[in-house]
Number of protein chains: 2
Amino acid sequence: MLSFTEENYLKTIYHLSDSGLKSVLTNEIAEAIQTKPASVTDMVKKLAIKNLISYEKYYGVKITRQGKTEALNIIRKHRLWETFLVEKLGFNWGEVHEVAEQLEHIQSPLLIEKLDEFLGFPSADPHGHPIPDKNGKFKVARQIPLAEAIGKKVVARAVKNSSPAFLDYLSKIGVYIGATLQVIDKMDFDGSLEIQIDAKKKVYISKEASENILVTE
Amino acid sequence: MLSFTEENYLKTIYHLSDSGLKSVLTNEIAEAIQTKPASVTDMVKKLAIKNLISYEKYYGVKITRQGKTEALNIIRKHRLWETFLVEKLGFNWGEVHEVAEQLEHIQSPLLIEKLDEFLGFPSADPHGHPIPDKNGKFKVARQIPLAEAIGKKVVARAVKNSSPAFLDYLSKIGVYIGATLQVIDKMDFDGSLEIQIDAKKKVYISKEASENILVTE
DNA sequence: TTATTTTTTTAGAGTAATCTAAACTTTTTA
DNA sequence: TAAAAAGTTTAGATTACTCTAAAAAAATAA
């Protein structure tokens, strides 16, 4: 069984590697986990011995099939808890991350199965990120940044940046996961967009923001 | 802030001391926490420095006012989570303890307030044990063992022994917290009782069992 | 009240995770 | 392609918690 710390490393490596596609360097992990590169080297060796990642000195790590399975299970738990916090307890979507970071380490397969059922087997968390099923499977519709949907009518599916400040901003202007967004116009001088939400409210959003909202057509 | 381990020691000391009344010896703590007396001595010194207990070498520890507050908060969290697991997720009352042992250490006052509200501010957990409020206050109706309620009509309020085996047995014969129990007869030769549950089903229960069911008149 | 037993503490060591400083590799730059 | 810079690893120390074995204190029995 993995320790709290090992789970955090594994999850971080999975995310940094783009779901296991690329290899990840020591410094990136250190930055993400807020620790020193020397500590990462130590932990990475431990995870390699357990066959969760493969480690080549000086060239970073790649997650193994086994490591991916473990990582997806942690991500599943994280996203189910976030869904619970928002849907059942009434948290704002910007408040849930830190609590879910703790809850994701609770060890009880039965608890997670029952929680999943209680939530109605959701396929995405409050930020629109897909929730892997028991076997680590999930489907993602092809999503594009809102910035690339000029003139189109699309549905908001996820956010790329989950910082509380950004989520707070979105709530204020009325953008939420599931909202229908029509991109009316693009300002040439700064790339900001004029959009209409749910065929009602019209707002302007910055280029930066439009690149962090993922949508489907 | 207290570590996971410190919280477990404090909670255990609180329970062993009868809610802070008596002092508790090193060996009792070691037994309860499944560790060695030498480890207890170390930890007890740490907790004493933090003013959560007072420690007199060779004579055991007493919990302080501050320690009691912390302990009650952990117990509050434990019991709210147990209630959640049974009422919302459909766990059996014998399955919840171990999971709640983990959940009680999650650090988020907001989470606990929202959970409390979601559950409708319950005053007792599924075993009938009182849930302290935010300020550590709770009221206990005067409870007596069923064994002392001969001939009376009472309401089951709590169990003294929370072992899965006992809880399982109670479920099987149909006794639950809140059930109305009428003690019809007491067998002289072994002290077992004939009881009627909710004015319906009649069953025999052993002396042992009747001492572990707490009731109010 | 002395001797024996039981309980508790101390001393010293081990494990997991972390750190700093120094050494070593790789990458970049000139 | 040699020198400088950036990134990574190693060595050795630190903290929190645990343990065993030995020493010390308290409780019990003779």
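Protein chains get the first letters and strands the later ones, always in sequence-line order, with residue 1 at the start of each.
- The interatomic distance linking Q34(B) (CD) with dT18(D) (C1') rounds to 14 Å, in whole Å.
- By the 30° and 60° cut-offs, the orientation of the rings of F118(B) relative to F118(A) is perpendicular.
- Within the 4.0 Å cut-off from OP1 or OP2 of dC19(C), at least one side-chain nitrogen or oxygen of T35(A) is found.
- Atom CZ in F4(A) sits roughly 15 Å away from atom C1' in dT18(C) (whole-Å rounding).
- Both the sub-6.0 Å distance and the 45° axial angle are satisfied by K114(A) relative to the ring of F91(B).
- Aromatic ring orientation, W81(A) versus W81(B): perpendicular (interplanar angle above 60°, classes split at 30° and 60°).
- Summarising the geometry, the separation between CD on E6(A) and C1' on dA16(C) is reported as 9 Å, rounded to the nearest angstrom.
- Contact between the side-chain N/O atoms of K45(B) and the OP1/OP2 oxygens of dT10(C) is found at a separation under 4.0 Å.
- Between K50(A) atom NZ and dA16(C) atom P the separation is 9 Å, expressed in whole Å.
- Per the geometry, CG belonging to D42(A) stands 15 Å off P belonging to dA13(D), to the nearest Å.
- Proximity of N27(B) to the phosphate of dT6(C): no side-chain N or O atom is located under 4.0 Å from OP1 or OP2.
- For the pair K57(A) NZ and dT26(C) P, the computed distance is 9 Å after rounding to whole Å.
- Within the 4.0 angstrom heavy-atom criterion, only backbone atoms of the sugar-phosphate kind lie near Y9(B); the bases stay farther away.
- Atom CD of E28(B) is separated from atom C1' of dT6(C) by 14 Å (rounded to the nearest Å).
- At least one donor-acceptor pair under 3.5 Å links the side chain of R76(A) to the backbone N or O of P132(A).
- The side chain of T26(A) contributes an N or O atom lying less than 4.0 Å from OP1 or OP2 of dT9(D).
- Contact check on E211(B) versus K160(B) returns no salt bridge, with no Lys/Arg side-chain nitrogen under 4.0 Å from an Asp/Glu carboxylate oxygen.
- Taking the six-membered ring for Trp, F4(B) and F4(A) have ring centres at least 6.0 Å apart.
- When rounded to the nearest whole Å, the span between CE of M43(A) and P of dT8(D) equals 18 Å.
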Scoring nucleotides 20-25 of chain C by protein non-hydrogen atoms under 4.0 Å (B base, S sugar-phosphate only, - none) yields B---BS

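- Within the structure, the salt bridge (charged side-chain N to carboxylate O under 4.0 Å, His left out) test picks out the following pairs touching residues 2-28 of chain B (sequence neighbours left out): E6(B)-K46(B), E6(B)-K50(B), K11(B)-E101(B), K11(B)-E104(B).
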